[in-house]
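Here's the structure we're looking at; comments come further down.
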Amino acid sequence: DANRASPAGKSNPEAVIKSTPVDGNADRSVKSIKSMVKQNFLTKKQRSQLHWLVKDLQIWEEDVKRYGWDNLTVSEREEISLKRELLELLDATEKANSRGAENASVFQMPAEGVSKKHRLTAKLRNQDNRISWEEEQMKKSVIKADADEIKVKDSDQYEFVFDTEAMIDFTDDTTDILEPGEDSKLAEALEEQINKMKTIQETRKSLPVYQYREDLLSSIRQHQVLIVVGETGSGKTTQLPQFLVEDGYTNDGKCVVCTQPRRVAATSVAARVADEMDVFLGKEVGYNIRFDDRTTPDRTILKYMTDGMLLREFLNDPQLSSYSAIMIDEAHERTLSTDILLGLLRGILQERKDLRLIISSATMNATKFSKFFFNCPIFNVPGRRFPVDIHYTLQPEGNYLNAAITTVFQIHTTQRLPGDILVFLTGQEEIESMQTKLVEILSKLDGTKFSDLMVVPIYANLPQEHQAKIFEPTPKNCRKVVLATNIAETSLTINGIKYVIDPGFVKEQSYSGGISKLVTVPCSRASVDQRAGRAGRLGPGKCFRLFTKWSYFNELEKVPKPEILRTKLNQVVLLLLSLGINDLLHFPMLDKPKTTQLSEALDNLYAIGALNSKGTITKVGQVMCDFPCEPEYAKVIYSSVFEENCKGVLSQIVTIISMLQESNSIFIPGLNREEKTKLFGSMMQSSDHMLYLWIYEQWEENGFSQKWCRDFKLQHKTMKRVLSIRQQLWKYCVKLHFISKDNQSSSNALENTSPAMLEAKIIKCFISGFPTNVARLSNQGYTNIKHGLSVTVHPSSVIFTRLKNEGKPMKFILYQSLMLTSKEFIRDCITFDKYEWLTETMPHLYK
Ligand code: ADP
Ligand code: MG
């Protein structure tokens, strides 16, 4: 067993050797250690551990002499300063102790241990390449497998043998120096701090990219564009940007930025890197995602951003002049924003000779990127992956959620600990439903027979404070089950996973025939292979695919379809046009969208007034570019200020749009219809939009109180986000001089406006932004008025409740989103009765 061979055990002196702190100075932790040393609260064991930590200082000091202080890296200098300080403190403590006639010999490790330690450290230093101990072991023990390929079925051919040559000889000093009763709370805290520093720094050094640091940096110096390919979890996202910072890319006031396709990845990685660099998140290291900018101007040097946010920066700064290095991460995901970013970046390389561009990707598609960037070099970080045993179902599974639940318990009851489980689901709802069921079953199980099962979810809308949970080490005698969307496929690496359960589905945006919707589709083979690979990081793992082998080979696409080929292009076309790129057909792209897609986008933009008949951007179009939300919402806002028949409702519109951004997580999970009806009374007879408006206004009236949210079963955290989104949108309204106009018109118009008038105006504003998201009542129920698709109101909608209670349904429903699961469900709906509202608001679409 490879894990057991790794001497990570706490009482093991070799483990302490590896704990050499500290790159990037763990300042906060060090402070508390220092104060404890000063107060002499350390147990003997801890003192000896600290001695071990500072022992290699001698070697460092030689380096200082040889190379000169100024030629060491920042982190090396920090490490040395820290160690000097700790050593001084320890010496002082020791002196004090020996004066107190305490037995000083406890600080001494057995002579043999010391010399061995020195030998090891010296050896590593000689190679001038501080490869960590595990790294060496890893290299010896990992079976060389083609990184692109997962061993199917016959993985039992690979017996996992740990090379005895590779084993380290331990000193016989295995007796724990800590004596019973010697413990104290503070000492425990110290241990925790040391361990935290240790694990963070250990992890850093054990990551595959660590040993290629110099090579990577020199390749980046030599080449303006570099593709970096490496197994997921090898440290690309967390380490590469730090290397760049350490190498001086941010010295002249410029920033390093790393883009992520997913918000959760951006925030969670930024938090991790801030920890690794021991700075506060939002200061030196920050993130910027839509409506949530945690960076500090003039101070942040490393930013994690969603690809969409960096794309927007082209609008203000077409040369992206504030960045010295840009890393486009997860490029293999081929999101729309990443693809467009690559096209735009390709265009500025010539003028920005100083800019460095790193494109990082999991192990697929690298040559395609290289070709696109004039055959730039590809840096391959050799990964480590253990063989993964793949199991398929014999028959297709009708209900994969149930099958997944069964499989979880099958694993839990038959497989030894440790070994956590990762389940890939398609979205928040599925995850919540599976979580509820798992917890329910667990409560019925005989707790004495099985070890604990800990269920943790991770998905895009999960509040940040819960995200950290997936990274917490699993407690002893417990198994963690992570329920994740495909965010865990490549963006986030969760340590400790040994089993993967993969139903083989993913939810994605699709657009065809003018219909834009979320659909659940089978994954590609490349994706399911990636997912399986998640089980093989810790050691040999197992993957349970809830589909048949036949299906894998015959039904799954080879690679996922790039988003640009399956989504509505309105927003990017508008962006490109506003950047002055009018020749869309010749804009460089990895995969070109079809001409029909482009002309459809132009038509749509014309329909909502963003372009005039010549294809030039209008004033409304410019507003749509400026607002940090979809152009459709920007149009709604614009109408609420400028359109004759609906102006005067800006404030309400901005509120509703802010609520819509977070509508998935406003109510506490599991709140059912009956309870909602009890809580919101007559508002359940209106519409989702009006309910959202009412909720926000009531919350505001109640001083944005947490208690009020609790009383109404709302998530206070979400509401606070809504408040912040609202403030940001409002700021744009001020910037674009919307507010004074609105104030004038609102004082005239709204004073004698009845609630019905207000609602009418609101609806008309939404019609102006979403003219084709309207369904009409017919004999077959509701069908979309433009393309005839029949749709069903989702049970979570207020309209669903109304349709149940009211005899006479409304003629028209305007909806914000369409999602295909068992039916074509529409969500976030508002209703109206008058066809004239359509013709009056959108005369060129409705006659
Ligand atoms: P890559 O980008 O190559 O897939 P990463 O840089 O994301 O690799 O991850 C490197 C390592 O850092 C992984 O072992 C991962 O588990 C760990 N890591 C990343 N984020 C966190 C976090 N928030 N908490 C703890 N460990 C993390
Ligand atoms: Mg990554």
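Asp420 is listed as a side-chain neighbour of Arg479, based on a closest heavy-atom distance under 4.5 Å. Between Ile653 and Tyr638, the closest side-chain pair of non-hydrogen atoms is not below 4.5 Å. Looking only at side-chain heavy atoms (C-beta outward), Cys523 and Arg531 come within less than 4.5 Å of each other. You'll find the side chain of Ile656 stays beyond 4.5 Å of the side chain of Val636, heavy atoms only. Side chains of Thr267 and Tyr304 form no contact here, defined as non-hydrogen atoms less than 4.5 Å apart. Proximity of Ile515 to Ser510: side-chain heavy atoms (C-beta onward) are nowhere separated by under 4.5 Å. Between Trp694 and Phe680, the closest side-chain pair of non-hydrogen atoms falls below 4.5 Å. A 4.5 Å side-chain heavy-atom check between Ile695 and Phe712 finds every atom pair outside the cut-off.
Side-chain atoms of Ser658 come within 3.5 Å of backbone N or O of Val654 as a donor-acceptor pair. Here the side chain of Lys635 pairs a donor or acceptor atom with the backbone of Ser768 at under 3.5 angstrom. Remark: the backbone N or O of Leu336 is paired with a side-chain donor or acceptor of Glu563 at under 3.5 angstrom. Here the side chain of Lys786 pairs a donor or acceptor atom with the backbone of Leu845 at under 3.5 angstrom. Under the 3.5 Å distance criterion, the side-chain polar atoms of Asn773 are matched with a main-chain donor or acceptor of Tyr815. In this structure, the side chain of Gln715 engages the main chain of Ser665 through a donor-acceptor pair within 3.5 Å. Using modelled atom types, one side-chain atom of Asp833 and one backbone atom of Lys811 make a donor-acceptor pair closer than 3.5 Å. For Thr841 (side chain) and Leu838 (main-chain N/O), no donor-acceptor pair under 3.5 Å exists by modelled atom type. Side-chain N or O atoms of Asn702 include none that pairs as donor or acceptor with a backbone N or O of Ser705 at under 3.5 Å. A donor-acceptor contact shorter than 3.5 Å is absent between the side chain of Arg802 and the backbone of Met684.
Judged by distance alone, the side chains of Glu824 and Tyr782 never bring a donor and an acceptor atom under 3.5 Å apart. For the residue pair Arg726/Thr655, the side-chain donor-acceptor check at 3.5 Å is satisfied. Side chains of Gln728 and Ser724: a donor-acceptor N/O pair is present below 3.5 angstrom, by distance only.
The minimum heavy-atom distance between Lys720 and Trp699, with the atom names listed, is N-CH2, 3.8 Å. For the pair Gly621 and Leu574, the tightest heavy-atom approach, listed with the atom from each and the gap, is O-CD2, 3.9 Å. Tyr606 approaches Leu611 most closely through the heavy-atom pair CD1-O, 3.4 Å. Here the shortest heavy-atom pairing between Phe627 and Cys733 reads CZ-SG, 3.8 Å. The minimum heavy-atom distance between Ile785 and Arg776, with the atom names listed, is CG1-NH2, 3.7 Å. The shortest heavy-atom contact between Arg290 and Cys629 is NH1-CA, 3.2 Å.
The ring pair (Phe, Tyr, Trp, His ring centres under 6.0 Å) analysis of residues 423-444, with sequence neighbours excluded, yields no pairs. Applying the salt bridge (Lys or Arg N to Asp or Glu O under 4.0 Å) definition to pairs two or more places apart or across chains, those involving residues 837-847 are Lys764-Glu840.
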Are Glu430 and Tyr459 close enough, and set up right, to give a side-chain hydrogen bond (donor to acceptor under 3.5 Å, both in side chains), and what steps lead you there? CA-CA 10 Å; Glu430 234 172 61; Tyr459 49 82; over 6 Å; no
For ring-ring contact (aromatic ring centres under 6.0 Å, His included), just list the numbers for Phe738 and Tyr732, CA-CA rounded to whole Å, side-chain angles, deciding distance to a tenth of an Å, and then say yes or no. CA-CA 8 Å; Phe738 285 6; Tyr732 276 91; over 10 Å; no
Please walk me through it: do Leu401 and Leu425 pass side chain to side chain contact (heavy atoms under 4.5 Å, CB included)? CA-CA 8 Å; Leu401 219 51; Leu425 299 170; 3.7 Å; yes
Cys709 and Gln706: CA distance, side-chain angles, deciding distance, side chain to side chain contact (heavy atoms under 4.5 Å, CB included) verdict: CA-CA 5 Å; Cys709 284; Gln706 185 161 7; 5.5 Å; no
Walk me through whether Ile487 and Gln467 qualify under side chain to side chain contact (heavy atoms under 4.5 Å, CB included). CA-CA 12 Å; Ile487 182 151; Gln467 289 171 18; over 6 Å; no
Worked check of side chain to side chain contact (heavy atoms under 4.5 Å, CB included) between Thr407 and Ile405: CA-CA 5 Å; Thr407 314; Ile405 292 171; over 6 Å; no
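Salt-bridge check for Glu674 with Lys678: failed, with every basic side-chain N at 4.0 Å or more from each acidic carboxylate O. Salt bridge absent: Glu630 and Lys568 never bring a charged side-chain N and a carboxylate O closer than 4.0 Å. Glu644 and Lys647 are joined by a salt bridge, as a carboxylate oxygen and a charged side-chain nitrogen come within less than 4.0 angstrom of each other.
With rounding to the nearest 0.5 Å, the separation of CD1 in Ile830 from CE in Met690 is 6.0 Å. Distance check: Leu814 CG to Ile762 CD1 gives 12.5 Å after rounding to the nearest 0.5 Å. Taken to the nearest 0.5 Å, the CD atom of Glu472 stands 12.5 Å off from the CD1 atom of Ile494. Going from atom CD1 of Ile441 over to atom CG of Leu453 covers 10.0 Å, rounded to the nearest 0.5 Å. Expressed to the nearest 0.5 Å, how far OG1 of Thr677 lies from CE of Met683 amounts to 13.0 Å. Note: Leu483 CG to Leu438 CG = 6.0 Å, rounded to the nearest 0.5 Å.
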Can you give me every donor-acceptor pair (side chain of residues 787-800, partner residue at least two apart or in another chain, under 3.5 Å) with its distance?
unit_1	atom_1	unit_2	atom_2	d
His787	NE2	Asn784	ND2	3.4
His794	ND1	Ser796	N	3.0
His794	ND1	Ser796	OG	2.9
Ser797	OG	Asp688	OD2	2.6
Ser797	OG	Ile799	N	3.0

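Aromatic ring centres of Phe770 and Tyr633 lie closer together than 6.0 Å.
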